[in-house]
Amino acid sequence: MKNLFSKTLMFMVLILLSSCGMSKLVSVDRGENTINYYNSIDKTIFLDFVELTSISEDKKYGNLEIKVDEITKDVADNGAVMAYIQRPASDGKIERWSQFPQYSLIYENPSFTYLSFGEGFVRISLQSETTVESAAEFFKGKKIKIVILK
């Protein structure tokens, strides 16, 4: 019994130590094949949603493009970038983060908001059948959390 306790304790310590690092080996069993890869969160960046950098003449499309040097060619080619919009605390609700893409009917004009990225930048795009102005106004002043995975 003591031996089982020791082994269980060692196993738990190993799990704890392996989860503390920013990069860990992940194995996925695919029947005859096992895929091993490293799962790594390279960086989390917080940015402010400010004015749109461009908006179409009909105001049905707009975007905010932000320079992000941490998105290297290697990240653009082999990694992933996720983005979240801040939902500040209000009316007894705690602060939370909502992941892009977002489809929302709460604005005066329903809109769809999504993320795209490339080497050195992220782009938050807004689309609507009517206008993206109310969605852009809703996002203005909120934080954007960018998570870069490599």
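Throughout, residue positions are numbered sequentially from 1 according to the sequence presented.
- A donor-acceptor distance shorter than 3.5 angstrom exists from the side chain of Asp58 to the backbone of Lys60, with no hydrogens or angles considered.
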Handout entry: Trp97 and Lys143: CA distance, side-chain angles, deciding distance, side-chain contact (heavy atoms from CB on, under 4.5 Å) verdict
Key = CA-CA 9 Å; Trp97 297 88; Lys143 297 280 185 205; 3.7 Å; yes

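- In this structure, Val75 and Glu70 approach most closely via the heavy-atom pair CG2-O, 4.1 Å.
- Between Leu126 and Ala136, the shortest heavy-atom distance links the atoms CD2-N, 3.7 Å.
- The minimum heavy-atom distance between Gly79 and Phe117, with the atom names listed, is O-CZ, 4.4 Å.
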Handout entry: Derivation of the side-chain contact (heavy atoms from CB on, under 4.5 Å) call for Val147 and Val81
Key = CA-CA 6 Å; Val147 179; Val81 175; over 6 Å; no

Distance-only criterion, 3.5 Å: show the donor-acceptor pairs between side-chain atoms of residues 62-69 and protein atoms not counting sequence neighbours.
{"from": "Asn63", "atom 1": "OD1", "to": "Thr53", "atom 2": "OG1", "distance (Å)": "3.2"}
{"from": "Asn63", "atom 1": "OD1", "to": "Ser54", "atom 2": "OG", "distance (Å)": "3.1"}
{"from": "Asn63", "atom 1": "ND2", "to": "Ser54", "atom 2": "OG", "distance (Å)": "3.4"}
{"from": "Asn63", "atom 1": "ND2", "to": "Tyr61", "atom 2": "OH", "distance (Å)": "3.3"}
{"from": "Glu65", "atom 1": "OE1", "to": "Arg123", "atom 2": "NE", "distance (Å)": "3.0"}
{"from": "Glu65", "atom 1": "OE1", "to": "Arg123", "atom 2": "NH2", "distance (Å)": "2.6"}

Handout entry: Test side-chain contact (heavy atoms from CB on, under 4.5 Å) applied to Tyr114 and Gln127, step by step
Key = CA-CA 9 Å; Tyr114 59 94; Gln127 291 184 337; 3.7 Å; yes

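- Taking CZ from Phe49 and CZ from Phe138, the interatomic distance works out to 10.5 Å, rounded to the nearest 0.5 Å.
- Judged by distance alone, with hydrogens and angles left aside, the side-chain atoms of Ser128 form a donor-acceptor pair with the main-chain N or O of Pro110 at under 3.5 Å.
- A salt bridge between Lys140 and Glu51 is present, with a side-chain N of the basic residue lying under 4.0 Å from a carboxylate O of the acidic one.
- The CZ atom of Arg87 lies 7.5 Å from the NZ atom of Lys142; values are rounded to the nearest 0.5 Å.
- Residues Ile144 and Tyr84 form no side-chain contact, since every pair of their non-hydrogen atoms from C-beta on lies 4.5 Å or further apart.
- The CE atom of Met82 sits 10.0 Å away from atom CG of Leu115, with the distance rounded to the nearest 0.5 Å.
- A salt bridge (charged side-chain N to carboxylate O under 4.0 Å, His left out) check over residues 124-134, counting only residues at least two apart or in different chains, returns the pairs Lys59-Glu133.
- When all heavy atoms of Phe121 and Ile71 are compared, the closest pair comes out as O-CD1, 3.6 Å.
- A distance of 11.0 Å separates OG in Ser116 from CZ in Phe100, rounded to the nearest 0.5 Å.
- Atom CD1 in Ile85 sits 12.0 Å away from atom CZ in Arg96 (nearest 0.5 Å).
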Exercise for the section: Please report the C-alpha distance between Ile148 and Thr44 in whole Å, then the side-chain angles of each, then the deciding distance to 0.1 Å, and finally whether the side-chain contact (heavy atoms from CB on, under 4.5 Å) criterion is met. Expected result: CA-CA 6 Å; Ile148 301 170; Thr44 300; over 6 Å; no

